[in-house]
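Predicted, not measured: the structure shown is a model, and the values here were computed from it. Read the numbers this way: they start at 1 and go in the same order the structure lists the ligands and their atoms. In this chain, residues are counted from 1 in sequence order.
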Amino acid sequence: AATTWDMPSAYGAGNFISKSYAAFAEDVSKRTSGALAIKVHPGGSLYKGADILRAVREGQVPIGARFLGAHSKEAAIFGLDTIPFLATDRAQAKKLYDLSKGELDAALAERGLKLLYAPVWPPQGLFSKKPITKVEDMKGLKFRAYDSSTTRLAELMGAIPTKTEASEIAQAFSTGVAESMIASGAIGVWQKIWDYADHYYLANAWLPKSGVIVNMDAWKKLDEETQTAVTEAAATSEAAVWDEMENQNAGYYPHLRTVKKSAELNDGQQA
Ligand code: PCA
């Protein structure tokens with residue numbers, strides 16, 4: 001009998017990382033001849049970002065995708081890739097991932113979880129309503145943070161951090177809850193940031209990762225053939241999405257430079 005796995009994720013379907021999840025699901029279905037069907041629920045529609053890891057851990061869903069750095073308080077290794085300026089391009093990010101993979105797997109195993117693959121986000125830059133030319137300009141600015149590292153960074157810069165899910169960025173900027181943030185061009189384009197903030201600075205501060213994470217009990221219920229198929233699909237998807245990150249990233253800066261308020265220039269990455 002066919003098994004169906006619901007897979008929640010927090011980011012919008014048009015995002016290249018969400019597209020990777022869809023491609024992964026399709027590949028799994030193909031490789032298992034339909035024995036395992038993964039149904040991706042993007043945009044926080046099944047579980048909000050903050051609830052996804054717990055839902056997988058408790059077996060409410062067998063699989064989920066979650067931004068890893070958001071869980072650095074539970075295990076520091078989850079936030080290794082959000083340390084500013086530790087790894088600032090794809091090659092360095094890959095090296096850091098390879099070196100930390102063992103620890104990451106161990107921290108997840110302790111929680112009854114298993115990492116299938118880790119898509120990488122584009123390099124992080126600074127978005128702001130007002131121009132920023134020196135660190136003092138950040139003083140008193142409301143800053144949208146997404147994990148402990150960005151919260152701490154805001155504090156050290158004298159900004160006022162508020163944690164917000166990526167899907168709520170547009171709302172946070174439009175209601176004045178946020179005036180600045182550090183994120184990838186992918187997030188800026190997805191949330192049409194040009195409607196709220198005119199200034200974007202390429203900082204290449206770090207390249208964080210998300211994780212496609214499976215509940216170990218659900219994993220063990222799969223027969224060996226299916227496990228192999230899923231592992232192979234995951235490896236294929238991981239390689240593809242790391243390549244795609246660079247393709248996508250090349251377009252964000254020119255796009256954000258020219259788009260200003262003209263929505264028709266949106267490159268199709270909507271929620
Ligand atoms: N920004 C995320 C996580 C990855 C990224 O680039 C966020 O802003 O929530």
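At a 4.0 Å heavy-atom cut-off, ligand 1 does not touch E165 at all.
Every atom of ligand 1 is numbered from 1 in the order shown, and the set under 4.0 Å from a heavy atom of Q124 is 1 (N), 5 (C), 6 (O). Numbered from 1 in the order shown, with element, the atoms of ligand 1 that lie under 4.0 Å from a heavy atom of A166 read 9 (O). Counting atoms of ligand 1 from 1 in the listed order, those under 4.0 Å from a heavy atom of F67 are 3 (C), 4 (C).
Looking at Y146, its side chain never comes within 3.5 Å of a backbone N or O of A70 through a donor-acceptor pair.
Classification of the Y200-F127 ring pair by plane angle, with boundaries at 30° and 60°, yields parallel. Below 30°, between 30° and 60°, or above 60°: for Y97 and W242 the angle between ring planes is below 30°, a parallel geometry.
Of the N or O atoms in R144, one or more lie within a sub-3.5 Å distance of an N or O in ligand 1.
Shortest contact from atom 6 (O) of ligand 1 to any protein heavy atom: S184 OG, 2.7 Å. Summary of contacts: the protein heavy atom closest to atom 1 (N) of ligand 1 is I187 CG1, 3.3 Å. Given atom 2 (C) of ligand 1, the protein heavy atom at minimum distance is Y11 OH, 3.6 Å.
With contacts defined as side-chain heavy-atom distances shorter than 4.5 Å, the pair E179/R144 does not qualify.
A salt bridge links D243 with R90: the closest approach of a Lys/Arg side-chain nitrogen to an acidic carboxylate oxygen falls below 4.0 angstrom.
Side chain to side chain, T236 and R31 meet the donor-acceptor criterion of an N or O pair below 3.5 Å.
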